[in-house]
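Positions are given from 1, in the same order as the sequence printed here.
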Amino acid sequence: AMEKSYVSVFLLLIVISCALAKDAGKKDSKDPSKPKLPQTLSRGWGDQLIWTQTYEEALFRAKNSQKPLMIIHHLEDCPHSQALKKVFAEHKDIQKLAEKFILLNLVYETTDKNLAPDGQYVPRILFIDPSLTVRADITGRYSNRLYAYEPSDISLLHSNMQKALKLLKTEL
């Protein structure tokens, strides 16, 4: 019977130390002198950029801010997605230009069929203007997967981003 009470005291100590650790963690996050951790919504596509959380929020923001929306469909375990993400995140001009967009990257498909004009493949990148029209006319170089980009297509993606912004200026 003696051993049992030891065990319960030991467990109690573990619980108390976890609770204390949690509180200590909370205090740290409020400390303004500490650098902020990169937000997880970027999923590595540009940690310093502001990413929206959901498609609905992205549409709302595009409409309200009159900025175009750029949607990146990708998968964490897809080597093509990984390769494109790396080049995208390291491309200074693209990261700079991306600040002019409402941004969303998705690892799942939405129910909006307009986001898969020619199929649900990854990676694929689509632009939506503030009138909430999918710009099906802004395509990559592959006729069988119109919105796919390979790492070698990064300059084409950059000019397509410029195109999405330019169209906006002439139409509004």
Side-chain angles (χ1 to χ4, degrees), residues 22 25-26 28-30 32 34-140 142 145-151 153-154 156-169 171-172:
K22 250 195 234 130
K26 274 194 201 109
D28 283 353
S29 65
K30 287 205 182 82
K34 283 221 165 64
K36 253 170 76 185
L37 289 172
Q39 48 136 338
T40 50
L41 287 178
S42 78
R43 296 191 180 90
W45 289 87
D47 290 341
Q48 79 294 347
L49 294 166
I50 296 164
W51 295 86
T52 45
Q53 194 157 6
T54 63
Y55 180 45
E56 292 69 29
E57 181 199 349
L59 289 175
F60 178 79
R61 285 207 195 170
K63 201 178 167 86
N64 276 16
S65 65
Q66 291 298 301
K67 283 179 170 180
L69 163 60
M70 176 171 171
I71 298 186
I72 303 170
H73 285 90
H74 64 110
L75 286 172
E76 298 291 357
D77 56 0
C78 158
H80 300 284
S81 296
Q82 291 288 5
L84 184 63
K85 177 198 296 192
K86 187 171 160 33
V87 178
F88 184 94
E90 288 170 5
H91 195 292
K92 299 247 186 317
D93 293 340
I94 278 191
Q95 291 288 311
K96 189 94 196 96
L97 203 53
E99 292 172 9
K100 297 185 162 77
F101 288 82
I102 302 297
L103 298 165
L104 177 66
N105 69 77
L106 294 174
V107 286
Y108 55 88
E109 294 290 338
T110 68
T111 52
D112 188 346
K113 299 283 175 283
N114 297 314
L115 290 186
D118 64 344
Q120 297 187 337
Y121 50 86
V122 294
R124 72 177 193 281
I125 300 178
L126 285 139
F127 297 95
I128 298 180
D129 68 26
S131 76
L132 304 190
T133 307
V134 174
R135 302 303 312 227
D137 55 325
I138 303 181
T139 57
Y142 308 102
R145 294 186 164 195
L146 291 175
Y147 310 97
Y149 296 86
E150 292 281 322
D153 306 324
I154 200 72
L156 174 62
L157 177 57
H158 183 254
S159 66
N160 276 351
M161 288 168 73
Q162 287 173 318
K163 196 189 279 183
L165 288 164
K166 206 177 279 140
L167 289 170
L168 188 74
K169 286 202 185 70
E171 285 164 18
L172 290 182

[Y] backbone acceptor or donor facing [X] side chain under 3.5 Å:
X      : Y      : answer
Trp51  : Gly46  : yes
Arg124 : Tyr121 : yes
Asp129 : Ala164 : no
Thr52  : Leu103 : yes
Asp153 : Glu150 : yes

Practice task
Starting at CG of Leu59, measure out to CG of Asp112 and round the result to the nearest 0.5 Å.
Solution key: 7.5 Å
Closest heavy-atom contact between [X] and [Y]?
X     : Y      : value
Ala83 : Pro151 : CB-CG, 3.6 Å
Gln53 : Glu57  : N-OE1, 2.9 Å
Phe88 : Ile72  : CZ-CD1, 4.0 Å
Leu69 : Ala62  : CB-CB, 4.1 Å
Glu99 : Leu49  : CG-CD2, 3.6 Å
Tyr55 : Leu104 : CA-CD2, 3.6 Å

Exercise for the section: Dump the intermediate steps for side chain to side chain contact (heavy atoms under 4.5 Å, CB included) on Phe101 and Ile71, then the final yes or no. Expected result: CA-CA 10 Å; Phe101 288 82; Ile71 298 186; over 6 Å; no
Completion exercise
When Leu115, Asn114, Ile102 are each screened for side chain to side chain contact (heavy atoms under 4.5 Å, CB included) with Ile128, the one that passes is Leu115
Exercise for the section: Determine whether more than 12 heavy atoms belonging to other residues, nucleotides or ligands lie under 6.0 Å from atom CZ of Phe60. Expected result: no
Exercise for the section: Among His80, His74, Glu76, find the residue that satisfies the side-chain hydrogen bond (donor to acceptor under 3.5 Å, both in side chains) test when tested with Lys85. Expected result: Glu76
Answer whether the closest heavy-atom distance between the side chains of [X] and [Y] falls below 4.5 Å.
X     : Y      : answer
Ile94 : Leu97  : no
His73 : Glu109 : yes
Lys92 : Lys96  : no

Handout entry: Leu84/Ile125 under side chain to side chain contact (heavy atoms under 4.5 Å, CB included): CA gap, chis, key distance, verdict
Key = CA-CA 11 Å; Leu84 184 63; Ile125 300 178; 4.1 Å; yes
